[in-house]
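First the structure, in the form of structure tokens, and then the observations on it.
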Amino acid sequence: MLEQELKVAVDAALEAGVEVARLRRDGVRYGRKDGWELVSEADIRAAEMLHAALTGAFPSDGWLSEEHRDTSERLGRDRVWIVDPIDGTREYLQGIDEYAISIGLAIGGLPVLGVVHNPATGELFAAECLSAPERVPTESTGHSIEVLVGRGEQLHDELPPLPEGTETRGVGSVAYRLALLASGQGNAALSGHGRAEWDVAAGIALCRAAGLRASDIFGEAMPFNQADPYVRGLLVAEPGLHSRLATFFRRLRRE
């Protein structure tokens, strides 16, 4: 069990959430990393708070975060915290309530704990999945399915072809999107774009705790704490639907 780790992560997320919400309310400065990617002072402040809380409580663990310089030191650690201080910075700055603080813990390359907190709505999703079994696969009912996708991917028509009868719902933060799916909202989550590990580690842990299956878009495994910490797309659903969707995308790849 990871009771202490979960408690520290939840407390850290809530504390950082108060500061993130305050900065958004009072006025927040922002800029761009490498000339294009948005970053705000709230991202930096939350990163500092989360790093202090988590590494202070678990000093022997590794660390991977969007707002910290990455080093190879984490590669030698079995336990690694994978953190995005604000997933959905664009939505945060725009005042759209679809961003989240995302804290994941991977052990042996597998996400086993996730905390996702949306300070704008007050929602908190937290779970560990050291021994969570997958759900029993379902058969197709022939009914339409709702797939949670990126707000930008939907807006700019950047989604891959989807099976007939699929309905999509755009949600800004991928961490928040996965948390919603884990809580029973929607049937699947999908991204055709590559994602950083810190975007998805916590959400995948939540989904695994709910018995869902997570993989890249073609159904292949996604190990975490890699030297190049990115995943090739994302597909999450209950096992039966996941298999059907992964088969659909593999056929597209062959064609």
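The first residue of the sequence shown is numbered 1, and numbering continues consecutively from there.
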Under 4.5 Å between side-chain heavy atoms, counting indirect links through other Ile/Leu/Val/Met/Phe/Trp/Tyr residues: same cluster for Val10 and Val83 or not?
yes
Cluster link Ile204 to Ile82, ILVMFWY, side chain under 4.5 Å
yes
Approximate separation, where rounding is to 0.5 Å, of Tyr30 OH and Leu93 CG:
7.0 Å
Thr247 and Arg244 side chains, donor-acceptor separation under 3.5 Å
no
Should Arg77 and Glu73 be marked as a salt bridge (Lys or Arg N to Asp or Glu O under 4.0 Å) after you check the CA-CA gap, both sets of side-chain angles, and the distance that decides it?
CA-CA 7 Å; Arg77 307 293 178 92; Glu73 181 182 3; 2.6 Å; yes
Hydrophobic cluster identity match, Leu235 and Val147, side-chain contacts under 4.5 Å:
yes
Do Thr89 and Asp43 have side-chain N/O donor and acceptor atoms under 3.5 Å apart?
yes
Heavy atoms, side chains only, cut-off 4.5 Å: are Arg169 and Val149 in contact?
no
Quick one: closest heavy-atom pair of Asp228 and Glu197, and the distance?
O-OE2, 4.5 Å
Using modelled atom types only, decide if a donor and an acceptor are shared between the side chain of Asp199 and the backbone of Asp87 within a distance under 3.5 Å.
no
Phe224 backbone acceptor or donor facing Gln226 side chain under 3.5 Å
yes
Give a yes-or-no answer on whether the side chains of His51 and Ser65 include a donor-acceptor pair shorter than 3.5 Å.
no
Grouping I, L, V, M, F, W and Y whenever their side-chain heavy atoms are under 4.5 Å apart, do Val18 and Ile44 come out in a common cluster?
no
Main-chain N/O of Trp198 paired to Glu66 side chain as donor or acceptor, under 3.5 Å:
no
With no hydrogens and no angle check, is any side-chain donor or acceptor of His117 less than 3.5 Å from a backbone partner on Glu123?
yes
Indicate yes or no for a side-chain donor-acceptor contact from Glu41 to the backbone of Arg29 under 3.5 Å, with no hydrogens or angles considered.
yes
Considering residues, nucleotides and ligands other than Arg90, do more than 12 of their heavy atoms fall under 6.0 Å from its CZ?
no
Closest approach of Leu64 to Arg74 (non-hydrogen atoms, all atoms of both residues):
CD1-NE, 3.6 Å
Do Tyr99 and Gln94 make a side-chain contact, defined as non-hydrogen atoms from C-beta onward lying under 4.5 Å apart?
no
If only atom types and distance count, is the side chain of Asn118 paired as donor or acceptor with the main-chain N or O of Ala100 below 3.5 Å?
no
Looking only at heavy atoms, the pair that brings Cys129 and Ala205 closest together is SG-O, 3.5 Å
Closest contact, heavy atoms only, Glu153 versus Ser191
OE2-OG, 3.5 Å
Any side-chain heavy-atom pair of Leu54 and Asp61 under 4.5 Å
no
Indicate yes or no for a side-chain donor-acceptor contact from Asp78 to the backbone of Ile107 under 3.5 Å, with no hydrogens or angles considered.
no
Could you tell me which non-hydrogen atom of Leu23 sits nearest to which non-hydrogen atom of Ala42, and how far apart they are?
CD1-CA, 3.6 Å
Any donor-acceptor pair under 3.5 Å linking the side-chain atoms of Arg213 with those of Ser243?
yes
Val171 backbone acceptor or donor facing Arg177 side chain under 3.5 Å
yes
Check: Leu159 main-chain N/O paired with Gln154 side-chain donor or acceptor under 3.5 Å:
no
Please check if Leu190 and Leu180 belong to a single hydrophobic cluster, counting links between Ile, Leu, Val, Met, Phe, Trp and Tyr side chain heavy atoms closer than 4.5 Å.
no
Donor-acceptor contact present, side-chain Tyr92 to main-chain Val20, <3.5 Å
yes
